[in-house]
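One structure is given below, encoded as C-alpha cells.
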Amino acid sequence: MEEKQQPNIPEIFLSPYNPVNHENSLYKMWEDSGYFNPDKCVEDGIADRDAETFSIVLPPPNVTGILHMGHAAMLAVEDILVRYNRMQGKRTLWIPGTDSAAIATQSKVEKLVSKEEKKSRHDLGREEFLKRVDVFVEDSKATIVNQIKKMGSSLDWSRYAFTLDDQRYKAVMTAFVNMYNDQLIYRADRIVNWDPKGQTTISDDEIVHEERQGKLYTFKYNKEFPITIATTRPETKVGDTAVAVNPDDKRYQKYIGQTFDFVFCDVPVSVTVVADTEVDPEFGTGAVGVTPAHSKIDWDIADRSNIIRRPQVINEYAKMTVAGRLNNLKVEAARAEVVKWLEEEGLLEKIEDTIQNIATAERTGGIVEPLPKLQWWIDVNKKFTLKHSEITGIESGSEVTLKELMIKAVENGDTDIFPERFKRVYFNWIENLNDWCISRQIWYGHRIPAWYKDGETKVQIQSPGADWEQESDTLDTWFSSGLWTFSTLGWPEQTDDLKTYHPTTVLETGYDIIFFWVARMILMSTYHLGQVPFKNVYLHGLVRDEKGKKMSKSIGNVIDPLNMIEKFGADATRLSLIVGAAPGNDVPLSEDKIRAYKKFANKVWNISRFILTSIDDADWRQTPELTKRDNEILTDLRKNILEVTEDIERFSLYLGAEKAYHYVWHELADKVLEESKDILNGDNMSEKYARQYVLKECLVASLKTLHPFMPFVTETIWQELPKELKDHDILMVAKWPIGE
RNA sequence: GACCGAUUAGCUCAGCUGGUAGAGCGCUACAUUGACAUUGUAGAGGUCACAAGUUCAAGUCUUGUAUCGGUCACCA
C-alpha cells in the first residue's frame, strides 16, 4: 500500500469549528483594521473616493438594557446589508448609538436610589438626581455595546452617538427652537393622557387599549332632574358641567338650554343641557353627562357648546380633590362610594355588565387618567413655508403642513416601505393623526428650552438671564429620536458626513414602532432638512418562540442571544434569525433551529478543509483546460451568486441566505465534492488540475457570498487561505463575486 | 366598528410579474467512521380553507364565505 502524502493542512482544521475560539479575536481584528469606518476604506482604496454610498443608522438600543433576540435579529439584518455593500465597494457607513430611554432609565435609577439610600428623587433634587443617572448610564453603557459587538456587527464605533450627548443635545435644542419659531410648536391647555403611575403625560401612541369587564350605571343626578344618564365612571360625575343630548332627540329637546343646580354626593354641581350631534340617541339613555376636565370628548363638547371646562375633580395621583365624603379617595374607591350613595338616595336605576376599553400607559401599565394640563404640542396641520425641499413634488418655499410632508414622502416613492402593505398602515395612521404632545414631566431627558419670567415666555437655547426660570418639563424621547438620522451625522452643522450619507439608504426596524419612530423621523427630516430620512424602510418581524408566542420572562420562553452565541456561535444565531424571516413576518425561533445552523458552519469548515487539502499541490500559474462538466459547475456557481446578489438587493435576505446555504451544502458539498474525489485521485493531471481550479473558484466565491450571513466562520477560513487565492487579506473587505 | 394579514406535506414556512406544487425539520429504509462529535442515497406524505368568476390555463388574478391573528378607534 502506498502511503498517501499527508497534505499540508493548517492545524486548526483538525478539529471541528468551534466559534468561541475565534469570534472575539476576529472582531478585534476587524475593528483594529479600521474598515468599519468608510473613510479608512477610501484611504486604502477599498472603496473609491466617489463610490456610491450606503448608510444605515442603528436603531439605538436602550443604553441601560441588555441584548435580546429582537436586537439580535435587527443586528443580523443590518450587518448583512452593510457587509454586502461594503464588499460591493460602496462607501458604507453603519452608525452605532444608544438611547437614553428616558422614563425607563429614570425609574430604574429611582428604584436604585430608593433601595440603597432610602431616598426619592425629590429628596435628592433635580441636579443631584441627574448626576446619579449619568453615572448609572455611563456604567451600563459598556454592557450593551459589548453585546452588540458579540453579534459581529460591523459598526463604525468612531461615530458612536448617545441620544443625550452634547452633539445630540444641540440638535434637539435647535430643532425645538426652529419649530417654535415656525409656530409648529405651541403651548396649550387641554386634556392630556396622564399616567398616574409614571407621573407624566404621554402621547396617544403610548397608550395601549385594554378590554376589561366594567359596569354601566344608569341613574339620575337627583330626584328632580328630568333626564336619566348612564356612565361607567360615576365618580367623575361630581365634575359634570353639562348633559349633552342629540339636537334631534324629541325626548329632550325641551330641556336644551336649561341649567340645573344640585348637590351630588356632597358636591355642589351645576349642569346645563346642551345639544351635540355627536351624541347617539340610540345608546344608553341618549343623554351623556359631560365631564370636560376628565374626558377628551367631553372637553370638545364643552368647547363646542361654550360650557365651562372645569372643575377638575381628580388630581395627578388619581385621587378625588372634591370636598365631602369623596375627598382624597382613589378613583376606584370613589366610584364605589358614589354608587353606594346613589343606591341610598334611590337614584340608581340599573347596573349592567359591559366591556369597556381602558387606556393604559404602555410603559408603566398604569390606567391613564385624562386631565387638563398646560403642555407643549406639535401642530401637524398648520401651514408653514418649507424653505428648502429636495422632496419630489414639493417645491422649495411652498406652503405645506407636517402631515402633508409625511404623506408626500412616502406617496412619491422618495421613501419606500417593505413590505409594501405597511404603506397603507402608515397612511392610515397619518390621516387620523392629532397634534403630538411632546412635553413630559420627568427629569431625565432634554429639558425644553423655554424660559419664563413674569408671565413672559422666551424660547431659545441659552438662558436669557439669571432671573429667568427654565421650563421644568423634558421632551418626549421620540422627539429626539425623530432627528436620529441626521443628528448622528452632525446636524445642525453642515458636516461632510451629513452631505455624504443623508438621506440614509435604509432604515431597518420592527414594524411595531412604525408610528413611534418611522413616521416621526420622516416628519423631522422633511421639515428640518427638506429631505427624507431614508430611501428605504425595511420592517422586520418580531422574534417569537417556536410556537409563535411572544417571548417573555413570565412565560419563561425567552431565548437569550448571548447564551446562544456562547453555545452555537454568532454565525448560527444570525442565520437562525434570517432564514424564514420574511420582512414584516414574525420569526419563530427555537434552539434546534440555531443548532442546525451551527452544523452548517461546521459543514462550511469541512468543505474548506477538503478543498484546501485537495488543491494543496496545485500550481496556479498554469491555464486550466476545463471540461464540459467543469464549466457547468462554474455556471451553477455564478448562477447562485447572481441569485443571492439579487435577493440581497431587494432585501429578501431570507431567500438569499437560504439559497447560499442550499448551494453550498447540497450542490457544492453533496454533488461537486463527491464527484471530484475520483478526479482528484486519478491519473489525468490536466483533468485534475482543471478540477482543482474549479474547486478553488467555488471555495473563494462561496466564502464571499456566505460572508455577510456568517462572517466569523468565513473569515476564520479566509485567514487560512493561501495568499495567492485572495484579493484582500481580510474577507470583510474582499470584492463581492460577480454572478451571471 | 374600521383597516390589514394569514389559511399550501405531521410541524415551520417558500412559491416574484398565472402554465397542473417546493424547502427545512420530522418520519421510513439502506449505506457510510480517510472532508463532516457524522454525513449521504432513496422513499412515504398535499383535492394549495371553501364557493363562484376571468382565462386555453389559477396556490398564483377578481368577488364572496368561513376560521385564526394583528393594528387602529372617544360610543358615554
Side-chain angles (χ1 to χ4, degrees), chain A residues 4 6-7 9 13-18 191 204-205 207-209 214 216-218 229-234 236-237 240 243-245 276 278-280 282-291 295-301 354 356-357 359 370 419-429 431-434 511-512 514-515 541-542 544 546-548 576 579-582 584-590 592-593 595-614 646-647 650 652 654-655 658-659 661-662 665-666 668-671 673-674 676-677 680-681 695:
Chain A
K4 195 167 183 283
Q6 185 61 35
I9 176 181
F13 282 113
L14 295 178
S15 50
Y17 176 64
N18 189 359
I191 299 286
D204 293 347
D205 303 286
I207 288 180
V208 181
H209 292 279
L216 184 67
Y217 304 89
T218 305
I229 61 167
T231 182
T232 51
R233 295 200 59 186
T236 62
K237 297 295 103 183
D240 281 11
V243 165
V245 299
D276 198 288
E278 289 294 296
V279 179
D280 177 3
E282 305 298 318
F283 188 87
T285 61
V288 190
V290 179
T291 325
S295 154
K296 205 175 157 233
I297 323 155
D298 292 6
W299 179 274
D300 293 341
I301 292 177
T354 179
Q356 59 173 331
N357 263 314
E420 185 136 10
R421 67 171 187 273
F422 285 100
K423 280 185 198 169
R424 244 168 297 167
V425 178
Y426 173 84
F427 289 131
N428 207 343
W429 178 78
E431 276 163 30
N432 298 316
L433 186 62
N434 293 317
Y511 64 75
D512 51 333
I514 180 166
F515 308 133
L542 271 35
R544 296 176 178 271
E546 53 197 318
K547 292 181 193 113
S576 72
V579 178
N585 285 3
D586 292 348
V587 199
L589 183 70
S590 65
D592 278 346
K593 189 175 177 188
R595 184 180 296 115
Y597 291 111
K598 181 186 175 163
K599 280 206 253 175
F600 179 57
N602 195 47
K603 189 76 183 180
V604 175
W605 185 254
N606 280 298
I607 289 166
S608 306
R609 169 183 173 176
F610 177 79
I611 294 181
L612 283 175
T613 57
S614 304
E646 285 176 349
D647 283 335
R650 64 168 88 101
S652 298
Y654 66 111
L655 293 178
E658 201 178 325
K659 283 176 193 162
Y661 171 96
H662 194 264
W665 196 318
H666 299 298
L668 182 58
D670 289 355
K671 302 207 174 100
L673 257 50
E674 288 303 328
S676 298
K677 286 176 180 172
L680 293 166
N681 293 327
L695 290 180

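Hydrogens, waters and symmetry mates are skipped; everything else that's a heavy atom, side chains included, is used. A, B, ... follow the sequence lines: proteins, then strands. Residue 1 opens every chain.
In this structure, the CG atom of A:D280 is 14 Å from the P atom of B:G1, given to the nearest Å. Remark: P of B:U32 and NZ of A:K677 are 14 Å apart, rounded to the nearest angstrom. Atom CZ in A:R595 sits roughly 14 Å away from atom P in B:C25 (whole-Å rounding). Here B:G22 presents its C1' atom at 10 Å from NE2 of A:H662, a figure rounded to the nearest Å. Remark: C1' of B:G5 and CG of A:D512 are 16 Å apart, rounded to the nearest angstrom. The CG-P distance, from A:D298 to B:C75, rounds to 13 Å in whole Å. Straight-line distance from the CD atom of A:E674 to the C1' atom of B:G34: 13 Å, rounded to whole Å. In this structure, CG of A:D276 is placed 16 Å from P of B:C74, rounded to the nearest angstrom.
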Pick out the pairs of N or O atoms, protein on one side and nucleotides 13-17 of chain B on the other, that lie under 3.5 Å.
{"residue": "B:A14", "atom": "OP1", "partner": "A:N585", "partner atom": "ND2", "Å": "2.8"}
{"residue": "B:G15", "atom": "OP1", "partner": "A:Y654", "partner atom": "OH", "Å": "3.0"}

Restricting both atoms to N or O, compile the protein contacts to nucleotides 68-71 of chain B shorter than 3.5 Å, with distance only.
none

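Each of B:G40, B:C75, B:A35 was ranked by its minimum atom distance to the side chain of A:L673; first place goes to B:A35. Comparing B:C36, B:C3, B:A35 by their closest approach to the side chain of A:F610 singles out B:A35. Relative to the side chain of A:H666, the nucleotides B:C4, B:A76, B:G24 differ in distance, and B:G24 lies closest. Considering only the side chain of A:I297, B:C74 comes nearest among B:C36, B:A73, B:C74. For A:H209, whose side chain is taken as the heavy atoms from C-beta onward, the closest listed nucleotide among B:C74, B:A35, B:C4 is B:C74.
Within the 4.0 angstrom heavy-atom criterion, only backbone atoms of the sugar-phosphate kind lie near A:N602; the bases stay farther away. Residue A:A287 is classed as having no contact, given no heavy-atom separation below 4.0 Å to the nucleic acid. Contact annotation for A:D300: no contact, since no heavy-atom pair falls under 4.0 Å across all strands. Nucleic acid contact for A:V279: base, since at least one base atom lies under 4.0 Å from a heavy atom of the residue.
A distance of about 15 Å separates the P atoms of B:G10 and B:C27, rounded to the whole Å. Distance noted for atom P between B:U71 and B:G43: 45 Å (whole Å). Here, B:U63 and B:G22 have their C1' atoms 29 Å apart, quoted to the whole Å. Using P as the reference atom, B:U47 and B:C25 are 24 Å apart when rounded to the nearest Å. Taking the P atom of each, B:U54 and B:A44 are spaced 38 Å apart, rounded to whole Å. The same atom, P, is picked in B:C11 and in B:G1; the two are 32 Å apart, to the nearest Å. Comparing B:A6 with B:A42, their P atoms are spaced 35 Å from each other, to the whole Å. Remark: the separation of the C1' atoms in B:A29 and B:U65 is 45 Å, to the nearest Å.
Between A:D647 and A:K659, some side-chain heavy-atom pair lies under the 4.5 Å cut-off. Side-chain atoms of A:F515 and A:V425, non-hydrogen and from C-beta on, do get closer than 4.5 Å to each other. Counting heavy atoms from C-beta outward, A:S576 and A:K593 have side chains that approach closer than 4.5 Å. The side-chain heavy atoms of A:I229 and A:K237, taken from C-beta on, include a pair separated by under 4.5 Å. Proximity of A:L695 to A:L673: side-chain heavy atoms (C-beta onward) are separated by under 4.5 Å at one or more points.
The glycosidic torsion of B:G19 lies more than 90° away from 0, placing the base in the anti range.
You won't find any donor-acceptor pair under 3.5 Å spanning the side chain of A:E278 and the base of B:A76, going by distance alone. Contact of A:K296 with B:C74 (side chain to base): no donor-acceptor pair of N or O atoms is detected under 3.5 Å.
Between A:Q356 and A:G214, the shortest heavy-atom distance links the atoms NE2-CA, 3.6 Å. Closest of all the heavy-atom pairs between A:G289 and A:D240 is CA-OD2, 3.5 Å. In plain terms, the two heavy atoms of A:F610 and A:K677 that are nearest each other are CZ-CG, 3.9 Å. For the residue pair A:A230 and A:T285, the shortest heavy atom distance occurs at N-OG1, 4.1 Å. When every heavy atom of A:P234 is checked against every heavy atom of A:Y217, the shortest pair comes out as CG-CD1, 3.4 Å. Taking all atoms of both residues into account, the shortest heavy-atom contact from A:Y426 to A:I514 is CB-CD1, 4.3 Å.
Mapping A:G284 and A:Y661 onto RNA chain B by nearest heavy atom places A:Y661 at the nucleotide closer to the 5' end. Along RNA chain B, the nucleotide closest to A:D670 and the one closest to A:R424 are compared, and the more 5′ of them pairs with A:R424.
Ring geometry for A:Y661 against A:Y597 counts as perpendicular: the plane angle is over 60°, on a 0 to 90° scale with 30° as the lower cut.
Counting non-hydrogen atoms of other residues, nucleotides and ligands closer than 6.0 Å to NZ of A:K423 gives a total above 12.
The CD1 atom of A:I607 sits 10.0 Å away from the CG atom of A:N602 when rounded to the nearest 0.5 Å.
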For Watson-Crick and G-U wobble pairs within 3.5 Å on both distances, what is RNA chain B written in dot-bracket notation, | included for inter-strand pairing? (((((((..((((........)))).(((((.......))))).....(((((.......))))))))))))....

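Remark: A:W665 is in phosphate contact with B:G40, judged by side-chain N or O atoms under 4.0 Å from OP1 or OP2.
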